[in-house]
Asks: 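Take a look at this one; I'll ask things after.
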2 protein chains.
Amino acid sequence: MNGKIKIALADDHNLFRKGVEEILEDFDNMEVLYSVPNGRELIAKLAAAPVLPDVCLLDINMPELNGFETAKMIKDKWPQIKLLAVSVYDTEFNIIGMLRAGAGGYLLKDAQPYALKNAIEQIYKNGFHHSELVTGRILHQLISHPNKTNSAELNEKELQFLKLCCTEMTYREIADVMSVSPRTIDGYRDQLFEKLNIKSRTGLVIYALKSGIALLDEHT
Amino acid sequence: MNGKIKIALADDHNLFRKGVEEILEDFDNMEVLYSVPNGRELIAKLAAAPVLPDVCLLDINMPELNGFETAKMIKDKWPQIKLLAVSVYDTEFNIIGMLRAGAGGYLLKDAQPYALKNAIEQIYKNGFHHSELVTGRILHQLISHPNKTNSAELNEKELQFLKLCCTEMTYREIADVMSVSPRTIDGYRDQLFEKLNIKSRTGLVIYALKSGIALLDEHT
DNA sequence: GGTTGCTACCGTGAAAACACCTTTTTTGAA
DNA sequence: TTCAAAAAAGGTGTTTTCACGGTAGCAACC
């Protein structure tokens with residue numbers, strides 16, 4: 001026990017992760033225990049660990065096991081570990097989803113190193129750190145609808161539909177692919193418009209891409 | 001002159017960029033001269049620089065001035081500076097686009113630090129570094145269609161229109177913003193459909209995002 | 001049994017997006 | 001200065017998208 005904040009990192013972009021490692025090691029009150037490229041490996045590390053980290057930095061878009069799922073599993077098995085979500089996108093989908101999944105804070109990848117240091121220290125001390133990103137509106141939504149299925153909990157159909165929205169298919173064609181009536185597709189769409197506060201298919205596409213539900217490099 | 005490879009970095013994700021800085025400083029044959037969040041600032045730095053860097057690491061998706069444009073401008077003004085493109089996406093569009101724009105190599109953000117070191121050293125020495133990413137097929141396309149620049153033949157209006165397509169604005173609203181008739185907007189759209197072999201607005205959005213003409217995180 | 005809630009589905013009408021074809025205005029090179 | 005090309009704008013009609021109100025089936029739960 002040397003008094004340092006023990007940290008674990010999970011991010012599939014190796015350069016980014018190694019870079020953050022270096023940055024953290026420069027802070028004299030922090031040390032990196034584990035550094036892995038996805039959630040599954042992080043869980044495995046924790047399960048086999050002689051010493052648990054105090055804080056985990058979690059990327060949201062990871063292969064194998066994404067940030068949401070990883071956060072839930074960690075909070076389930078090791079509730080004392082504090083979680084800090086890290087992402088490129090500042091969408092409500094991601095922020096609310098990660099906070100609900102148990103993260104104590106949310107940091108963007110364009111943050112400055114001192115902001116990272118600050119966030120980790122606050123999360124270590126208080127269990128949470130809320131930057132200006134987490135607005136009153138988002139906090140309000142978290143508090144007032146704690147059980148309501150939020151955007152982070154879209155069902156399988158909605159996810160599949162969202163992915164198909166990011167193609168040049170018409171809704172009729174999407175209905176065909178999903179083997180449902182075009183009216184049902186209308187329903188999926190209207191439901192997503194409502195849930196995500198969106199008004200057009202273009203909005204759905206942007207959302208699906210920002211949230212990582214659909215990926216840019218999937219359609220060639 | 002200390003014999004070190006002089007490097008400049010341009011990437012809008014501060015944590016990533018600072019992390020890469022740290023990684024590079026660990027290599028005893030490299031030093032970071034400039035580190036900026038976008039292409040415009042990099043150009044400004046270079047224009048005012050007492051010492052030019054040997055190699056520039058360029059992110060593709062940056063605000064202000066993206067990787068393609070930045071690469072072209074640098075190669076135009078300072079052809080002796082070697083360029084290494086860095087991106088999360090391994091799409092042909094990006095790879096070919098950056099190589100055409102003058103980059104000597106293409107590296108993914110999930111690369112390991114030694115791969116980064118290796119790439120920089122090779123580019124410094126030979127002017128290029130081709131990982132397994134750059135397949136024979138891509139090289140062939142580069143050679144056989146040397147003039148077919150992917151997005152370069154789009155004019156200012158079309159670029160602005162494409163960006164506005166990636167919002168929830170209707171065409172009528174876009175026409176208003178661009179101060180032209182809705183019919184003119186129809187023209188821009190149909191022209192892009194023709195040029196890019198696209199059939200819907202969704203297709204335009206995907207194209208704009210893939211190509212870096214529009215960015216997911218600049219939604220303002 | 002009735003109520004609640006959820007999912008799939010339908011009808012209609014309005015708005016937006018798309019296709020095709022024509023006219024006017026601008027531009028710029030011969 | 002003239003002519004041709006390109007850009008901007010218009011007319012018209014079809015298809016797709018979106019909004020709204022509603023029905024049918026099914027499971028859970030007092």
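Each chain gets a letter, A, B and so on, in the order its sequence line appears, and its residues count up from 1.
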Asks: Under 4.0 Å between a side-chain N/O of Tyr188(B) and OP1 or OP2 of dA7(D), yes or no?
Replies: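 Tyr188(B) to dA7(D) OP1/OP2: no side-chain N or O under 4.0 Å.
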
Asks: Could you list the residues that satisfy side-chain hydrogen bond (donor to acceptor under 3.5 Å, both in side chains) with Gln160(B), not counting sequence neighbours?
Replies: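 By the side-chain hydrogen bond (donor to acceptor under 3.5 Å, both in side chains) rule, Gln160(B) matches no residue at all.
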
Asks: Please report the shortest heavy-atom distance between Ile174(B) and Met169(B), naming the atom on each side.
Replies: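 Scanning both residues completely, I find the closest heavy atoms to be CG1-CB, 3.8 Å.
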
Asks: Apply side-chain hydrogen bond (donor to acceptor under 3.5 Å, both in side chains) to Thr184(B) and list each qualifying residue two or more places apart in sequence or on a separate chain.
Replies: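 So Thr184(B) forms no side-chain hydrogen bond (donor to acceptor under 3.5 Å, both in side chains) with any residue.
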
Asks: Expressed in angstrom and rounded to an integer, what is the separation of Leu192(A) atom CG from dC18(D) atom P?
Replies: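 Value for this atom pair: 12 Å.
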
Asks: Listing time: all N or O pairs from protein to nucleotides 22-27 of chain C that are below 3.5 Å?
Replies:
none

Asks: Output all residues satisfying salt bridge (Lys or Arg N to Asp or Glu O under 4.0 Å) with Lys45(A), sequence neighbours left out; order by chain, then residue number.
Replies: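 Partners of Lys45(A) under the salt bridge (Lys or Arg N to Asp or Glu O under 4.0 Å) test: none.
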
Asks: Who are the salt bridge (Lys or Arg N to Asp or Glu O under 4.0 Å) partners of Arg183(A), not counting sequence neighbours?
Replies: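 With neighbours one apart ignored, the set is Asp186(A).
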
Asks: Return the angle between end axes of the helix from dG1(C)-dC30(D) to dA30(C)-dT1(D), with five pairs used per end and rounding to 10°.
Replies: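 Roughly 30° between the end axes, to the nearest 10°.
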
Asks: What donor-acceptor contacts under 3.5 angstrom involve side-chain atoms of residues 73-87 of chain B, with partners at least two apart or in another chain?
Replies:
residue: Lys75(B); atom: NZ; partner: Pro79(B); partner atom: O; Å: 3.1
residue: Lys75(B); atom: NZ; partner: Ile81(B); partner atom: O; Å: 2.9
residue: Ser87(B); atom: OG; partner: Tyr89(B); partner atom: N; Å: 2.9

Asks: Only counting residues at least two apart or in another chain, list the ones meeting side-chain hydrogen bond (donor to acceptor under 3.5 Å, both in side chains) with Glu69(B).
Replies: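 Glu69(B) satisfies side-chain hydrogen bond (donor to acceptor under 3.5 Å, both in side chains) with no other residue.
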
Asks: Under 3.5 Å, which N/O atoms of the protein pair with N/O atoms of nucleotides 15-17 of chain D?
Replies:
residue: dT17(D); atom: OP1; partner: Arg201(A); partner atom: NH1; Å: 3.2
residue: dT17(D); atom: OP2; partner: Tyr171(A); partner atom: N; Å: 2.9

Asks: Identify, with sequence neighbours excluded, every residue that meets side-chain hydrogen bond (donor to acceptor under 3.5 Å, both in side chains) alongside Asn66(B).
Replies: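 Not a single residue meets the side-chain hydrogen bond (donor to acceptor under 3.5 Å, both in side chains) criterion with Asn66(B).
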
Asks: Counting just side-chain N and O atoms, does Ser181(B) come under 4.0 Å of either OP1 or OP2 of dA8(D)?
Replies: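 Ser181(B) to dA8(D) OP1/OP2: no side-chain N or O under 4.0 Å.
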
Asks: Scan nucleotides 20-25 of chain D nucleotide by nucleotide, 5' to 3', and note B when protein non-hydrogen atoms come under 4.0 Å of the base, S if they reach only the sugar-phosphate, - if neither.
Replies: ------

Asks: Please enumerate all residues that pass salt bridge (Lys or Arg N to Asp or Glu O under 4.0 Å) together with Glu173(B), with sequence neighbours excluded.
Replies: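 With sequence neighbours excluded, Glu173(B) shows a salt bridge (Lys or Arg N to Asp or Glu O under 4.0 Å) to no residue whatsoever.
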
